[in-house]
Number of protein chains: 2
Amino acid sequence: MATIRDVAEQAGVSVATVSRVLNDNGYVGSETRKRVMGAIESLNYSPNEVARSLYKRESRLIGLLLPDITNPFFPQLARGIEDEVNRSGFRLLLGNSDEEANKELEYIQTFLQNQVVGMISATNNTDNENYSNLNLPVVFLDRVSKRHPSVYADGIEGGRLAARTLIERGSKRITLIKGPGHVKPAADRFHGALAVLSEAEIDFSVLSTSSYAFDDARKWAEELFAKHPDTDGVIASNDIVAIAILHEALRLGRKIPEDLQLIGYDDIPFSSLSYPSLSTIRQPAYEMGKEAAKLLIRMIRKEKEIEQTIQLPVTLIERNTTRKVDPNA
Amino acid sequence: MATIRDVAEQAGVSVATVSRVLNDNGYVGSETRKRVMGAIESLNYSPNEVARSLYKRESRLIGLLLPDITNPFFPQLARGIEDEVNRSGFRLLLGNSDEEANKELEYIQTFLQNQVVGMISATNNTDNENYSNLNLPVVFLDRVSKRHPSVYADGIEGGRLAARTLIERGSKRITLIKGPGHVKPAADRFHGALAVLSEAEIDFSVLSTSSYAFDDARKWAEELFAKHPDTDGVIASNDIVAIAILHEALRLGRKIPEDLQLIGYDDIPFSSLSYPSLSTIRQPAYEMGKEAAKLLIRMIRKEKEIEQTIQLPVTLIERNTTRKVDPNA
DNA sequence: AAATTATCTGTAACCGGTTACACAAATGCG
DNA sequence: CGCATTTGTGTAACCGGTTACAGATAATTT
């Protein structure tokens with residue numbers, strides 16, 4: 001690997017001049033610039049980021065902390081972030097925390113050791129001490145924090161929307177699935193839905209679940225129909241659970257949406273491919289990722305007027321696990 | 001941020017001694033060690049990875065190059081890799097190439113600039129010049145390369161298995177979906193299936209597709225039934241396409257698996273949640289990721305006897321889009 | 001023409017670790 | 001006891017960039 005000194009020697013200039021050419025700052029004579037460029041070319045030189053990072057006390061890496069990339073909601077977030085940070089020349093350092101505080105801490109630690117310029121986190125312990133006196137731009141994604149800017153979709157409204165959707169379309173005995181208690185946005189959508197259900201003149205029950213994992217989703221589905229066989233409307237905690245419930249309902253011979261309406265949450269890519277295709281509350285994951293990245297980059301650039309929260313709208317994606325709304329209602 | 005010099009001063013020793021304590025090498029008196037540890041503790045010191053990387057000319061980062069994390073096969077691979085590299089104290093630098101040569105090149109470039117210790121790539125251009133004179137341990141995953149070790153599942157056998165499965169279960173007019181031409185493993189599974197179909201006494205046709213993307217999958221599904229309405233068995237190029245076909249088939253009122261058998265490829269998490277659940281050829285994605293990571297780490301450690309290929313078995317996951325095999329046959 | 005200012009370039013310190021080398025003290029051995 | 005070896009520690013060079021500062025020349029201004 002050629003170094004800046006090799007280039008300097010080849011071009012017959014000092015390393016300072018080469019550096020000036022590389023970074024396009026300071027004064028460089030046009031003739032000199034050409035010679036340096038030629039040397040860079042002929043040596044196939046590429047500057048060492050590590051050396052630069054050391055002096056600058058800042059790399060061009062951004063830490064991304066996710067609960068679990070295997071959950072289909074997150075790849076989209078990650079992709080949105082990556083596409084956006086790449087536009088500004090940053091790269092991503094990835095970490096899956098599994099929502100475990102020690103893994104989270106370890107990742108933050110190594111992010112700092114690698115002198116990341118900033119960090120985006122989609123994990124829960126938003127206000128614990130790990131983040132508190134962190135001298136680093138941090139954006140929370142799909143989570144809220146008192147201390148740091150956050151980008152998220154409106155969970156309360158999403159929950160409301162889901163509940164209203166089923167009610168308007170005639171479900172009378174709704175089961176509301178409550179997601180894992182420690183996941184903030186799950187709680188929001190739950191409370192949003194709960195509020196609407198409480199106001200309405202219908203029966204409803206709540207089924208508590210403790211995870212979003214694929215393998216568990218089927219369990220919740222079985223539990224649902226065992227405990228509430230007569231339910232005619234299910235508000236799922238997310239699309240994975242919804243699709244598992246759909247699977248189980250069809251297995252039990254329920255007609256969907258005639259006997260049972262079902263609405264998911266997230267709008268993961270697969271929800272349009274289930275049969276019947278899944279009605280759901282869409283969170284714009286890719287856009288959320290992009291927005292979080294944009295916000296972080298503005299913080300990195302120390303721009304003024306950084307908004308503390310960016311809330312993206314949730315939307316009802318009406319597919320075929322809900323009935324058409326009665327036009328006479 | 002405290003530096004090693006702060007620690008040295010606090011402990012009343014030289015930086016060399018602190019470094020020895022940190023890395024647990026060289027001679028350090030037990031009393032001195034205690035003082036140093038105390039200073040580290042009280043200053044809450046954490047060594048700067050960037051400085052270390054610069055001197056060592058090697059970071060503790062591993063580059064991971066994927067086509068697109070949004071494709072549900074890859075998160076599992078990524079997770080397997082991450083879990084394994086973390087065990088050895090490495091972290092991941094992530095890149096999505098979209099199978100575009102220039103993005104791929106850019107990522108490799110920045111990986112090198114960041115002095116990664118090694119790299120795992122799941123992209124296609126395995127033997128192009130980008131990788132050729134790379135003085136870096138590289139493992140290809142889900143791809144084969146002449147120059148570098150590879151970890152993959154047996155695509156030919158997978159294709160054969162898929163074809164045999166449909167034939168044994170009585171499909172007579174099979175449609176074989178050919179995946180994107182530039183994706184190597186897609187070609188393997190296609191040829192494996194093709195070979196078996198050619199030998200068998202059945203009719204079959206081939207439908208060529210040019211992508212794996214969600215949005216396109218539905219298009220292939222429609223095209224399939226438009227061109228081959230009488231097909232009674234479909235070998236899909238992967239599970240996404242299979243599930244899209246399943247969706248379309250159900251929409252058209254086909255009975256599955258009675259009228260139409262369908263087999264996917266990959267065994268992504270969702271394939272067990274479709275209804276009917278999808279029969280498929282399983283590639284053990286998480287394990288593949290783990291194996292690739294293990295192999296890479298052995299290369300990094302310069303162990304002898306590195307195998308050039310690790311081939312993992314594909315297995316038939318018999319679910320409900322295929323019929324039970326006739327016990328009298 | 002003299003004084004300013006702008007342009008161009010080089011020297012060397014600096015970022016924060018690691019380690020080669022030197023040296024001193026302690027220990028082992030014949 | 002004398003010499004070799006082991007143990008313990010420090011000094012300073014090094015990794016490969018960036019930049020403060022200085023000095024020289026060229027262009028402008030007065």
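Within every chain, numbering begins at 1; the chains are lettered A, B, ... in the order of the sequence lines, protein sequences first and strands thereafter. Values reported hereafter were calculated over all heavy atoms of this structure, with side chains retained and with hydrogens, waters and symmetry mates removed.
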**Q** Step by step, would you call B:I62 with B:V116 a side chain to side chain contact (heavy atoms under 4.5 Å, CB included)?
**A** CA-CA 5 Å; B:I62 287 174; B:V116 298; 5.8 Å; no
**Q** Which residues pass the ring-ring contact (aromatic ring centres under 6.0 Å, His included) test with A:F214, sequence neighbours left out?
**A**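 Once residues adjacent in sequence are excluded, the partners of A:F214 under the ring-ring contact (aromatic ring centres under 6.0 Å, His included) criterion are B:F270.
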**Q** For DNA chain D, determine which residues of residues 41-62 of chain B have any heavy atom closer than 4.0 angstrom to one of its atoms, and list them numerically.
**A**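 Residues of residues 41-62 of chain B under 4.0 Å from DNA chain D: B:L54, B:Y55, B:R57.
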**Q** If you count the non-hydrogen atoms of other residues, nucleotides and ligands that lie under 6.0 Å from CD in A:E41, is the total more than 12?
**A**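 Not more than 12 within 6.0 Å, no.
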**Q** When B:E104 is tested against each of B:N124, B:N96, B:T123 for side-chain hydrogen bond (donor to acceptor under 3.5 Å, both in side chains), which residue passes?
**A**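 For B:E104, the side-chain hydrogen bond (donor to acceptor under 3.5 Å, both in side chains) check succeeds only for B:T123.
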**Q** Within the 4.5 Å heavy-atom criterion, are B:Y152 and B:Q283 side-chain neighbours or not?
**A**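 The answer is no; the side chains never approach within 4.5 Å.
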**Q** How does protein contact run along nucleotides 4-11 of chain C, one letter per nucleotide 5' to 3', with B for base contact, S for sugar-phosphate only, - for none, heavy atoms under 4.0 Å?
**A** --SBBBBB
**Q** Whether the side chain of A:S88 engages the backbone of A:V85 through a donor-acceptor N/O pair (distance < 3.5 Å, no angle test) should be reported.
**A**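 Checked: no pair found.
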**Q** Which residues pass the salt bridge (Lys or Arg N to Asp or Glu O under 4.0 Å) test with A:R79, sequence neighbours left out?
**A**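 A:R79 satisfies salt bridge (Lys or Arg N to Asp or Glu O under 4.0 Å) with A:D83, B:D68, B:D98 once adjacent residues are dropped.
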**Q** Among residues two or more places apart or on two chains, list those pairs meeting side chain to side chain donor-acceptor pair (under 3.5 Å) that have a residue in residues 24-33 of chain B.
**A**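 The answer is B:D24-B:R33.
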**Q** Above 12 or not: heavy atoms from other molecules or residues under 6.0 Å from CE of B:M299?
**A**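 Count over threshold, so yes.
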**Q** Between B:E291 and B:V151 (side chain of the first, backbone of the second, donor and acceptor by atom type, cut-off under 3.5 Å), is there such a pair?
**A**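 No; zero donor-acceptor contacts below 3.5 Å.
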**Q** Using chain B heavy atoms and a threshold of under 4.0 Å, write down where along DNA chain D the contacts begin and end, 5' to 3'.
**A**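 So the contact region on DNA chain D extends D:dT6 to D:dG16.
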**Q** Using a 4.0 Å heavy-atom cut-off across all strands, classify B:S19 as base, sugar-phosphate, or nothing.
**A**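 The residue B:S19 makes base contact.
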**Q** Just report the end-to-end axis angle for the helix from C:dA1-D:dT30 to C:dG30-D:dC1, five pairs per end, to 10 degrees.
**A**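 Roughly 30°, once rounded to the nearest ten degrees.
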**Q** Between residues 110-118 of chain B and DNA chain D, which residues have a heavy-atom gap below 4.0 Å?
**A**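 Heavy-atom cutoff 4.0 Å gives no residues at all.
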**Q** Who are the side-chain contact (heavy atoms from CB on, under 4.5 Å) partners of A:E9, not counting sequence neighbours?
**A**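 Not a single residue meets the side-chain contact (heavy atoms from CB on, under 4.5 Å) criterion with A:E9.
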**Q** So, the side chain of B:D266 versus the backbone of B:I268: is there a donor-acceptor pair under 3.5 Å, distance only?
**A**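 Judged by distance alone, no pair lies under 3.5 Å.
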**Q** Which pairs with one or both residues in residues 42-57 of chain B pass salt bridge (charged side-chain N to carboxylate O under 4.0 Å, His left out), sequence neighbours excluded?
**A**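 Sorted result for residues 42-57 of chain B: B:E49-B:R52, B:E49-B:R60.
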**Q** Return the set of residues passing side-chain contact (heavy atoms from CB on, under 4.5 Å) with B:S46 (not counting sequence neighbours), or none when no residue passes.
**A**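 For B:S46, the residues satisfying side-chain contact (heavy atoms from CB on, under 4.5 Å) (neighbours in sequence not counted) are A:Q109, A:Q113.
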**Q** Just jot down the salt bridge (Lys or Arg N to Asp or Glu O under 4.0 Å) partners of B:E99, sequence neighbours excluded, or say none.
**A**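 Partners of B:E99 by the salt bridge (Lys or Arg N to Asp or Glu O under 4.0 Å) criterion, ordered by chain and then number, come out as B:R143.
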